[in-house]
2 protein chains.
Amino acid sequence: MNDILKKKFPSFSNALLIDINTNALQQSFAAGDVIMRTGQYIKNTVLVLSGKIKIYREDEEGSEFFMYYLQPGQACAISMICATKNQKSQIMAKVVEDVELIMVPLQLMDKWMMQHRSWYEFVIDTYRSRFEEVLDVIDSIAFRAMDERLEFYLKRHRDACDCDDLKLSHQEIATELNTSREVISRLLKKLEQRGVLKMHRNNIELLK
Amino acid sequence: MNDILKKKFPSFSNALLIDINTNALQQSFAAGDVIMRTGQYIKNTVLVLSGKIKIYREDEEGSEFFMYYLQPGQACAISMICATKNQKSQIMAKVVEDVELIMVPLQLMDKWMMQHRSWYEFVIDTYRSRFEEVLDVIDSIAFRAMDERLEFYLKRHRDACDCDDLKLSHQEIATELNTSREVISRLLKKLEQRGVLKMHRNNIELLK
DNA sequence: CTCCCTATGTGATAAATGTTACAGATTGTA
DNA sequence: TACAATCTGTAACATTTATCACATAGGGAG
């Protein structure tokens, strides 16, 4: 575990790496697994070694709204936040590519803040970058109409997969933007006409 | 300063209070002042002793979107987050009731995390509660139509002023929800018909 | 009181988004 | 090949929100 860990979290000190190795568990999940549900108690802080996770906000009727990706080298800010107060999860986490995770028990998450400068900085930086990302999400829904929100959504997915072919169905996109499939189909066609993308079955090819 | 500070921030240790007294500045602002603008560099973490501040997100065209209140005993999570990286402000802060603030230089913000347990816990708790508040804001715009968003907005303002008379014009509400005055007037009338509130000039009286 | 400024009310219309219904296309599988 | 399941296209219509135009009302200053 140490090798991948060191590679994916290069800022961690050796002492911290040793602490993680002795105290944290490694766990794997397959694509499609929901590893955290709204309302569940969070017992661990999650570090991602490999794979991809999508984080959603859910409402009472079961609608979901895509917030952000969790990728290798990152941690779930919300699990950190909830962990420190033994709180219920405010989000839902779904695996989109098989993942290997490090599960850090919540008491350690807190304890290490005082013991390991590199952990402290990692945690603060995780808070910071996620807060900023969430503010960008607020911008997109507060200020933008659906066409621009769709473009924002597609760009974030391109950033996450680091490729121009997005394996997404119209229905999937609609669900994650909390709108209907027809709306997305229409808007995608407009974007295709503008030359922004090319549509294929289960696949959207971004051109710019 | 020590007395108010101790009263408004009861969790702070004596050592921390002394450190604040020796190192931080007190500053006052009048209602209407904009004390932070999007894009400005943040040099201090802000603690509120008295008064009220509203925090907004702005877009390029100058629209503003209300995010949350800053009240006595609270700190600006975003100023903490930006401070640790010497970043530009992502938000705009407007004074709505004359405020007295404690300005903590950013190097101290960071240094105290290791030195004062009570500061560390305060900062983490600030992150946590603001993150949660921001998630609730996302819910309201992602899942709700304007009528419910308006109710949510009014309730948050009631919580903040701790009274049932909200001194708000329709235009003000429209601006902070990024919609138009006519829409708010019409929705308010519906809420009045439902018995949720009573409208007066520059004043909305919440009934339930 | 009169004038002016701001706040509010409201109808008409446009534009965006949501809903319903159904058709055709593609893919996997029996 | 035939069938089922899923994905996509599209028309028609309903609803919500935005925009424009203008009327009315209240409060403060002179």
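Since this is a predicted model, take the numbers as computed values, not measurements. Letters A, B, ... are given to chains in the order of the sequence lines, protein chains preceding strands, and every chain is numbered from 1.
- Residue A:Ser180 places none of its side-chain N or O atoms closer than 4.0 Å to OP1 or OP2 of C:dT17.
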Each nucleotide N or O in nucleotides 5-8 of chain C that has a protein N or O under 3.5 Å away: list the pair and distance.
from	atom 1	to	atom 2	distance (Å)
C:dT6	O2	B:Arg201	NH2	3.1
C:dA7	O4'	B:Arg201	NH2	3.4
C:dT8	OP1	B:Asn202	N	3.1
C:dT8	OP2	B:His170	N	2.8

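- Between C:dG18, D:dA18, C:dT19, one nucleotide has an atom nearer to the side chain of B:Thr179 than all others, and that is D:dA18.
- Spacing between atom CD of A:Glu182 and atom P of D:dC13 amounts to 16 Å, rounded to whole angstrom units.
- Protein atom CD1 of A:Ile184 is 15 Å distant from nucleotide atom P of C:dA16, rounded to whole Å.
- When the C1' atom of D:dT10 is taken as reference, atom CG of A:Leu187 falls 14 Å away, rounded to whole Å.
- Within a 6.0 Å radius of CG in A:Asp159, other residues, nucleotides and ligands contribute more than 12 heavy atoms.
- Ring geometry for B:His157 versus B:Phe66: interplanar angle of 30 to 60°, hence tilted.
- If you measure from atom NZ of A:Lys167 to atom C1' of D:dT6, you get 17 Å, rounded to the nearest angstrom.
- Residues forming a ring-ring contact (aromatic ring centres under 6.0 Å, His included) with A:Phe9 (at least two apart in sequence, or on another chain): A:Phe12, A:Phe122.
- Rounded to a whole Å, the CG atom of B:Leu150 is 15 Å from the C1' atom of D:dT16.
- Judged by distance alone, the side chain of B:Gln74 and the main-chain N or O of B:Gln71 form a donor-acceptor pair under 3.5 Å.
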Test salt bridge (charged side-chain N to carboxylate O under 4.0 Å, His left out) on B:Lys189 and B:Glu192; report intermediate values, then the result.
CA-CA 5 Å; B:Lys189 193 160 69 169; B:Glu192 188 172 48; over 6 Å; no
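- Between B:Lys189 atom NZ and D:dA25 atom P the separation is 14 Å, expressed in whole Å.
- No more than 12 heavy atoms of other residues, nucleotides or ligands lie within 6.0 Å of NZ in B:Lys198, so this atom counts as exposed by the packing criterion.
- In this structure, A:Asp33 contributes its side chain and A:Ile35 its backbone to no donor-acceptor pair below 3.5 Å.
- Both B:Lys190 and B:Arg186 lie near DNA chain D, and the one whose nearest nucleotide falls closer to the 5' end is B:Lys190.
- Rounded to an integer number of Å, the gap from CZ of A:Arg144 to C1' of D:dA18 is 16 Å.
- Atom CE in B:Met146 sits roughly 15 Å away from atom C1' in C:dA15 (whole-Å rounding).
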